[in-house]
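Notes follow the structure.
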Amino acid sequence: MTFDLFVLPFSIGLVYLLIVVVERFRHWYVMLPPAIKKELRHRILCRSTVNAIWEIIREGLLHKRLWQQNRLLGYMHMSFALGWFLLIVMGNLESRLYSQLHVNPPYYPIFLKFFVHDSHVLPFELTTIPGFFRFIMDFLLLFVLSGLVLALFKRSGSRWFGLHHTTKHNAVDRIALTSLWLIFPLRLLAESFTAGCFGGGGFLTNSLGRVLSAALPAEHLYYPFWWAYSFSLGVFFILLPYTRYMHIPAEIAYILLKHWGGPKITQTQSYYECGMQACSRCGVCLDYCQVACNGNSPSTAPAYFIRELRAGRAVKDITENCLLCGRCQDACPVGIGLVNLRLWARKQLTLQDRLLNCPAYPATAARTSVEVVWFAGCMTHLTPNTIKSVKQILQNSGIKYQWLDADGSICCGRPMLMTGREQEAMQLIESNRKAILDTGARILLTNCPICYKMFRDNYQLNIEIVHHADFILHLAKADKIKLPSLDQKLALHIPCELDRKSEAATALKTLVGRLKNNAQEIPMSELCCGGSLGSLGEYNSDTKQLCEAASKSITQDADVTTITACPLCKKTIDRHSKGPTKDIAEIVMETEK
Ligand code: SF4
Ligand code: SF4
Ligand code: SF4
């Protein structure tokens with residue numbers, strides 16, 4: 001016998017799922033620009049494919065990044081993904097032992113124990129091929145069930161997993177979750193009751209089958225349990241494309257696009273849509289998002305932001321409230337480009353009315369062949385002490401420089417990009433780019449981390465882009481300026497826009513370390529100060545809360561000076577912290593007077 005009516009719910013669900021997933025993949029491919037499609041076809045036969053497959057195994061099945069974040073969570077996700085995948089692979093191999101057909105119908109390996117009882121194989125027999133498969137299939141089922149137990153613990157309290165927050169699901173997600181959770185216990189019971197009636201089964205299903213059949217009418221129960229198992233699979237497959245479980249196929253597509261699409265893929269609609277679907281709603285980002293943890297807008301965290309995006313709901317508030325600090329992106333185990341995704345969502349909204357007051361294009365600079373072109377940025381112009389100190393550093397070091405925005409009239413274009421006005425931003429960028437290159441300088445010096453990031457990511461300048469923290473460190477190493485030795489108590493705030501892993505952030509830490517005349521450790525915060533231009537939301541009380549949380553994490557003493565390297569952080573922290581706040585340039589020059 002190789003067919004029974006109960007296989008229909010599973011089969012219908014599977015066919016439906018395949019149609020929807022193939023259609024989504026086709027849609028993402030069709031939407032790609034022709035140049036990227038060409039690149040994609042070209043890379044399929046290159047090493048990129050090997051790298052992509054390895055990443056799919058590493059992150060989609062083994063969940064390496066998640067393991068590094070949180071072992072318990074990593075094990076839970078791995079047991080579901082790897083365990084289920086191996087059950088399918090091994091089940092298919094096992095079914096070849098009993099089938100005369102060249103190609104088995106897809107349901108046959110899934111419900112093999114209904115069709116084949118093979119009662120002469122002993123439960124713990126490992127020396128024969130059928131015995132080995134019985135053992136391994138039961139072992140894999142146990143592996144998946146161990147993940148299910150952890151998932152139940154996580155639902156009852158995320159603190160078991162060291163998480164402060166866990167994601168909340170909508171009704172459809174809950175139905176899909178319930179059907180997923182039922183699949184494996186129902187499989188266990190269906191196989192156990194069958195083993196109890198007809199023999200067969202491995203160490204787990206055979207033993208449980210004996211116990212169950214001694215207490216219950218197994219001959220009446222085994223068949224309804226196969227129906228229930230098939231039904232839970234069918235429901236899960238039909239709901240999968242409309243729930244967070246779409247992340248299972250989408251993560252594969254996301255990894256393939258990343259490896260096959262070349263550098264420009266990250267700016268395409270397909271990549272954003274696919275990234276949005278690749279979110280597993282694991283909840284890791286919830287604990288990293290300060291707006292969610294310390295502010296009044298928990299749904300700003302990517303887990304909820306993406307849930308709303310997927311549902312196609314108006315997400316204006318939570319799209320705007322994000323600080324674009326990137327902490328969630330660094331933590332996301334799926335590696336989704338969350339900052340760009342937020343910017344893309346902003347582009348979809350009509351935010352033109354929100355445009356910050358951006359100054360005009362610069363006048364074209366005369367070619368002067370200076371060594372350094374200095375772009376202070378409009379925010380730095382609001383902190384005159386920083387301007388004064390940087391100017392003094394440049395003069396003291398004897399470097400030939402040109403100050404491009406001496407009259408404070410240039411914007412780097414970031415506010416336009418953040419509000420979704422990409423075309424205007426590109427015009428501004430092109431105009432600035434020309435003015436910078438016309439100076440003939442070898443180095444572009446910036447003081448605002450926002451400008452620094454903008455120049456690095458969007459300008460494609462073929463000159464060195466240096467933040468002043470890095471610049472000062474280089475001058476000190478070359479003995480062009482002297483660093484002071486300080487006795488006062490210091491704390492360090494790393495501006496989030498400086499990008500925690502950039503050379504500038506590393507230079508800032510090194511520089512501050514060199515300022516101390518003793519080995520005392522300097523408390524450091526990498527939290528966002530809350531004043532980020534990234535947030536377009538109007539929620540000043542949140543800024544206060546975020547800033548206080550960032551300040552508290554390093555110092556609460558009035559006699560501690562907080563050092564930073566961003567005009568915006570300086571102004572925000574200064575307003576909310578007890579002690580003074582100074583830019584690194586000020587500190588360096590203050591003691592030189
Ligand atoms: S965005 Fe990343 S970290 Fe956040 S829930 Fe989704 S997959 Fe998890
Ligand atoms: S970028 Fe920062 S503020 Fe925005 S969601 Fe991520 S962690 Fe939260
Ligand atoms: S990004 Fe820099 S130049 Fe542009 S508005 Fe902000 S501080 Fe001013």
Side-chain angles (χ1 to χ4, degrees), residues 59-60 63-70 73-74 76-77 81 154 158 161 163-169 173 243-248 250-252 254-255 272 274-310 315 317-346 418 449-450 453 494-500 525-537 539 542-543 545-547 549-550 569 572:
E59 302 305 335
H63 290 84
K64 183 175 169 233
R65 270 195 292 254
L66 194 52
W67 268 92
Q68 286 165 345
Q69 293 274 349
N70 184 318
L73 210 55
M76 186 187 95
H77 281 260
K154 182 169 177 275
S158 52
F161 284 69
L163 298 170
H164 299 291
H165 303 87
T166 189
T167 44
K168 294 181 185 69
H169 301 309
D173 273 331
T243 61
R244 67 190 182 119
Y245 299 105
M246 183 60 201
H247 83 88
I248 301 167
E251 188 178 351
I252 296 173
Y254 195 61
I255 293 172
Y272 293 129
C274 190
M276 185 170 91
Q277 297 292 347
C279 167
S280 62
R281 212 173 303 151
C282 62
V284 167
C285 55
L286 295 180
D287 282 353
Y288 285 83
C289 177
Q290 287 168 258
V291 178
C293 296
N294 306 115
N296 294 320
S297 179
S299 44
T300 296
Y304 295 125
F305 162 65
I306 290 177
R307 184 185 68 185
E308 298 303 301
L309 272 187
R310 277 182 183 170
V315 287
D317 283 358
I318 57 176
T319 303
E320 291 180 356
N321 284 348
C322 169
L323 302 162
L324 303 181
C325 68
R327 278 168 56 80
C328 54
Q329 182 169 290
D330 291 347
C332 174
V334 183
I336 303 171
L338 294 168
V339 170
N340 275 345
L341 186 62
R342 189 83 58 157
L343 289 173
W344 170 73
R346 285 183 182 180
M418 287 186 313
I450 301 166
K453 192 178 167 72
I494 305 280
C496 55
E497 291 279 0
L498 208 51
D499 187 353
R500 291 157 208 99
S525 160
E526 290 187 338
L527 296 173
C528 177
C529 69
S532 163
L533 280 184
S535 169
L536 305 178
Y539 63 124
D542 266 12
T543 305
Q545 278 166 251
L546 296 187
C547 187
C569 297
T572 316

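Every number for a ligand or one of its atoms is a count from 1 in the order of the listing.
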Note to self: Could you tell me, atom by atom, which parts of ligand 2 come under 4.0 Å of a heavy atom of Cys328?
What the structure shows: 1 (S), 5 (S), 6 (Fe), 7 (S)
Notebook entry, point to check: Which atom pair, heavy atoms only, marks the closest approach of Thr319 to Arg342?
Noted result: O-CD, 3.6 Å
Checklist line | Heavy-atom closest contact (Ala81 atom, His63 atom, distance) | finding: CB-CE1, 3.6 Å
Next item on the list: Answer yes or no: is there an ion pair linking Arg281 with Asp173, defined by an N-O contact shorter than 4.0 Å?
Entry: yes
Next item on the list: First locate atom NZ of Lys64, then atom CH2 of Trp67, and finally report the distance between them rounded to the nearest 0.5 Å.
Entry: 13.0 Å
Note to self: Before you tell me yes or no, could you show the steps for Leu66 and Val284 under side-chain contact (heavy atoms from CB on, under 4.5 Å), namely the whole-Å CA-CA distance, both residues' side-chain angles and the distance that decides it to 0.1 Å?
What the structure shows: CA-CA 9 Å; Leu66 194 52; Val284 167; 3.7 Å; yes
Margin query: Can you report which non-hydrogen protein atom sits closest to atom 5 (S) of ligand 2, along with the distance?
Written below: Arg342 NH2, 3.2 Å
Check: Nearest to atom 4 (Fe) of ligand 2, what protein heavy atom do you find, and at what distance?
Finding: Cys322 SG, 2.3 Å
Next item on the list: List the closest protein heavy-atom neighbour of atom 3 (S) of ligand 2: residue, atom name, distance to the nearest 0.1 Å.
Entry: Leu323 N, 3.3 Å
Check: Taking atom SG of Cys282 and atom CE of Met76, what is their separation to the nearest 0.5 Å?
Finding: 9.0 Å
Check: Which heavy atom in Ile306 sits nearest to a heavy atom in Met276, and how many Å separate them?
Finding: CG2-O, 3.1 Å
Next item on the list: Starting from atom 8 (Fe) of ligand 2, locate the nearest protein heavy atom and write down its residue, its atom name and how far away it is, to 0.1 Å.
Entry: Cys289 SG, 2.4 Å
Item checked: Cut-off under 2.8 Å, centre atom 8 (Fe) of ligand 1, protein N/O/S atoms -> Cys282 SG
Next item on the list: Work out which heavy atom in Gly335 is nearest to a heavy atom in Tyr254; give both atom names and the distance.
Entry: O-CE2, 3.9 Å
Checklist line | Minimum heavy-atom distance Thr300-Ile318, with the two atoms named | finding: N-CG2, 3.8 Å
Notebook entry, point to check: What's the shortest distance from atom 2 (Fe) of ligand 2 to any protein heavy atom, and which residue and atom give it?
Noted result: Cys325 SG, 2.3 Å
